[in-house]
> 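This is the structure I want to talk about, given as C-alpha coordinates.
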Amino acid sequence: MALRPEEVQHLEGLVEDMIKRIEDTNTSNEAAVVYGRIGNACTKALAIEAAAAAKRTARTNNVTKFRASRENRLNSRKLGQGRAGATDAQSSTQGQRPQGQRQTSN
(Lines give C-alpha, C1' and ligand atoms only; values in the text may rest on other atoms or scores of the structure.)
Protein backbone atom coordinates (compact mmCIF):
# COMPACT_ATOMS: atom_id res chain seq x y z
CA MET A 1 0.00 0.00 0.00
CA ALA A 2 1.74 3.12 -1.18
CA LEU A 3 -0.05 6.33 -0.43
CA ARG A 4 0.76 9.55 -2.19
CA PRO A 5 1.90 12.44 0.05
CA GLU A 6 -1.37 14.32 -0.46
CA GLU A 7 -3.32 11.22 0.59
CA VAL A 8 -1.25 10.94 3.76
CA GLN A 9 -1.95 14.59 4.56
CA HIS A 10 -5.66 14.07 3.89
CA LEU A 11 -5.80 11.06 6.24
CA GLU A 12 -3.93 12.99 8.93
CA GLY A 13 -6.47 15.81 8.55
CA LEU A 14 -9.35 13.34 8.80
CA VAL A 15 -7.95 11.94 12.04
CA GLU A 16 -7.76 15.42 13.56
CA ASP A 17 -11.27 16.23 12.32
CA MET A 18 -12.68 13.02 13.79
CA ILE A 19 -11.02 13.78 17.14
CA LYS A 20 -12.62 17.24 17.20
CA ARG A 21 -16.05 15.83 16.30
CA ILE A 22 -15.82 13.15 19.01
CA GLU A 23 -14.84 15.75 21.64
CA ASP A 24 -17.73 18.02 20.61
CA THR A 25 -20.47 17.77 23.23
CA ASN A 26 -23.18 18.31 20.59
CA THR A 27 -22.22 15.05 18.84
CA SER A 28 -24.53 12.12 19.47
CA ASN A 29 -23.15 8.90 20.92
CA GLU A 30 -23.86 7.01 17.70
CA ALA A 31 -22.04 9.59 15.61
CA ALA A 32 -19.11 9.58 18.04
CA VAL A 33 -18.79 5.81 17.58
CA VAL A 34 -18.81 6.19 13.78
CA TYR A 35 -16.26 9.02 13.94
CA GLY A 36 -14.09 6.83 16.14
CA ARG A 37 -14.20 4.01 13.59
CA ILE A 38 -13.31 6.41 10.77
CA GLY A 39 -10.43 7.78 12.85
CA ASN A 40 -9.21 4.27 13.65
CA ALA A 41 -9.30 3.28 9.98
CA CYS A 42 -7.31 6.39 9.05
CA THR A 43 -4.84 5.74 11.85
CA LYS A 44 -4.36 2.13 10.74
CA ALA A 45 -3.74 3.20 7.13
CA LEU A 46 -1.20 5.79 8.30
CA ALA A 47 0.54 3.22 10.51
CA ILE A 48 0.80 0.73 7.64
CA GLU A 49 2.20 3.45 5.39
CA ALA A 50 4.72 4.52 8.04
CA ALA A 51 5.85 0.92 8.53
CA ALA A 52 6.28 0.42 4.80
CA ALA A 53 8.26 3.66 4.53
CA ALA A 54 10.50 2.62 7.45
CA LYS A 55 11.06 -0.78 5.85
CA ARG A 56 12.02 0.83 2.53
CA THR A 57 14.41 3.18 4.32
CA ALA A 58 16.04 0.36 6.29
CA ARG A 59 16.36 -1.75 3.15
CA THR A 60 17.95 1.11 1.24
CA ASN A 61 20.42 1.80 4.07
CA ASN A 62 21.40 -1.86 4.33
CA VAL A 63 21.84 -2.26 0.58
CA THR A 64 24.03 0.84 0.52
CA LYS A 65 26.18 -0.52 3.38
CA PHE A 66 26.56 -3.93 1.71
CA ARG A 67 27.53 -2.39 -1.62
CA ALA A 68 30.10 -0.16 0.07
CA SER A 69 31.57 -3.12 1.96
CA ARG A 70 31.84 -5.17 -1.25
CA GLU A 71 33.54 -2.25 -3.01
CA ASN A 72 35.96 -1.87 -0.09
CA ARG A 73 36.74 -5.57 -0.23
CA LEU A 74 37.34 -5.47 -3.98
CA ASN A 75 39.52 -2.39 -3.66
CA SER A 76 41.60 -3.97 -0.91
CA ARG A 77 42.03 -7.13 -2.97
CA LYS A 78 43.14 -5.09 -5.98
CA LEU A 79 45.74 -3.40 -3.82
CA GLY A 80 46.96 -6.77 -2.57
CA GLN A 81 45.94 -6.29 1.02
CA GLY A 82 43.11 -8.80 1.04
CA ARG A 83 45.02 -12.11 1.03
CA ALA A 84 48.55 -10.95 1.82
CA GLY A 85 48.68 -12.85 5.11
CA ALA A 86 47.36 -16.07 3.57
CA THR A 87 49.80 -16.03 0.65
CA ASP A 88 52.78 -15.44 2.94
CA ALA A 89 51.78 -18.38 5.13
CA GLN A 90 51.28 -20.65 2.14
CA SER A 91 54.58 -19.76 0.51
CA SER A 92 56.53 -20.38 3.72
CA THR A 93 55.20 -23.95 4.00
CA GLN A 94 55.71 -24.93 0.37
CA GLY A 95 58.28 -27.66 -0.15
CA GLN A 96 58.05 -28.80 3.44
CA ARG A 97 56.72 -32.16 4.40
CA PRO A 98 53.50 -32.15 6.50
CA GLN A 99 54.03 -32.99 10.14
CA GLY A 100 53.17 -36.46 11.32
CA GLN A 101 54.31 -38.18 8.13
CA ARG A 102 57.52 -40.16 7.88
CA GLN A 103 59.82 -40.03 4.99
CA THR A 104 60.13 -43.44 3.47
CA SER A 105 62.91 -44.60 1.27
CA ASN A 106 62.26 -46.91 -1.63
Side-chain angles (χ1 to χ4, degrees):
M1 177 177 185
L3 298 174
R4 295 188 315 260
E6 60 270 6
E7 292 171 333
V8 170
Q9 290 175 351
H10 183 68
L11 288 172
E12 289 170 346
L14 278 174
V15 169
E16 294 301 320
D17 188 35
M18 295 301 113
I19 290 170
K20 289 177 187 174
R21 289 177 184 260
I22 291 169
E23 290 175 345
D24 186 5
T25 56
N26 293 328
T27 303
S28 67
N29 289 335
E30 292 82 10
V33 169
V34 173
Y35 294 149
R37 289 181 182 170
I38 293 169
N40 286 336
C42 293
T43 302
K44 182 177 179 179
L46 290 169
I48 291 170
E49 178 64 22
K55 185 177 180 180
R56 285 189 299 267
T57 301
R59 183 183 304 136
T60 302
N61 289 342
N62 287 337
V63 167
T64 303
K65 288 177 187 177
F66 286 127
R67 284 183 182 162
S69 65
R70 283 194 302 259
E71 287 176 13
N72 289 341
R73 179 182 170 92
L74 290 174
N75 289 338
S76 67
R77 288 182 121 190
K78 286 179 184 176
L79 296 174
Q81 299 171 354
R83 294 182 46 105
T87 17
D88 291 343
Q90 287 174 352
S91 64
S92 67
T93 59
Q94 285 181 344
Q96 295 179 2
R97 146 180 63 144
Q99 292 180 354
Q101 291 183 355
R102 295 185 214 175
Q103 185 177 8
T104 58
S105 57
N106 291 343

> Out of curiosity, does I19 fall in the hydrophobic cluster containing V8 (side-chain heavy atoms, cut-off under 4.5 Å, transitive links)?
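Shared cluster, yes.
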> To the closest 0.5 Å, what do you measure between OG1 (T57) and CG (N62)?
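Reported value, rounded in 0.5 Å steps: 11.0 Å.
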> Taking only Lys NZ, Arg NE, NH1 and NH2, and the carboxylate oxygens of Asp or Glu, determine whether R21 and D17 approach each other closer than 4.0 Å.
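Between D17 and R21 there is a salt bridge, with a charged N closer than 4.0 Å to a carboxylate O.
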> How far apart are the closest heavy atoms of A45 and L3, and which atoms are they?
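For A45 and L3, the tightest heavy-atom pair comes out as O-CD1, 4.3 Å.
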> How many angstroms lie between CG in L74 and CG in L79, if you round to the nearest 0.5 Å?
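Here the interatomic distance stands at 11.0 Å.
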> Is R4 salt-bridged to E7, going by a charged N under 4.0 Å from an acidic O?
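Salt bridge between R4 and E7, a charged N being under 4.0 Å from a carboxylate O: yes.
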> Distance check, rounded to the nearest 0.5 Å: E12 atom CD versus C42 atom SG?
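E12 CD to C42 SG: 10.5 Å, rounded to 0.5 Å.
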> Do E49 and K55 meet the salt-bridge criterion of a basic N to acidic O distance under 4.0 Å?
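The answer is no: the pair does not qualify as a salt bridge.
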> Carefully, step by step, assess T27 and I22 under the rule side chain to side chain contact (heavy atoms under 4.5 Å, CB included).
CA-CA 7 Å; T27 303; I22 291 169; over 6 Å; no
> Flag the pair E6 / H10 as yes when at least one side-chain heavy-atom distance between them is below 4.5 Å, and no otherwise.
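When only atoms from C-beta onward are counted, H10 and E6 do not touch, as no gap falls below 4.5 Å.
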> How many angstroms lie between CG in L46 and CD in Q9, if you round to the nearest 0.5 Å?
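Those atoms lie 11.0 Å apart.
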> Quick check for you: to the nearest 0.5 Å, what is the distance between D24 atom CG and Y35 atom OH?
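Rounded to the nearest 0.5 Å, the CG-OH separation comes to 9.0 Å.
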> Could you state the interatomic distance from NZ (K65) to CZ (R67), rounded to the nearest 0.5 Å?
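Between atom NZ of K65 and atom CZ of R67 there are 14.5 Å.
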> Go through it in stages, so that I can follow the logic: the residues are K44 and N40, the test is side chain to side chain contact (heavy atoms under 4.5 Å, CB included), and I'd like the CA-CA distance, side-chain angles, deciding distance and then a yes or no.
CA-CA 6 Å; K44 182 177 179 179; N40 286 336; over 6 Å; no
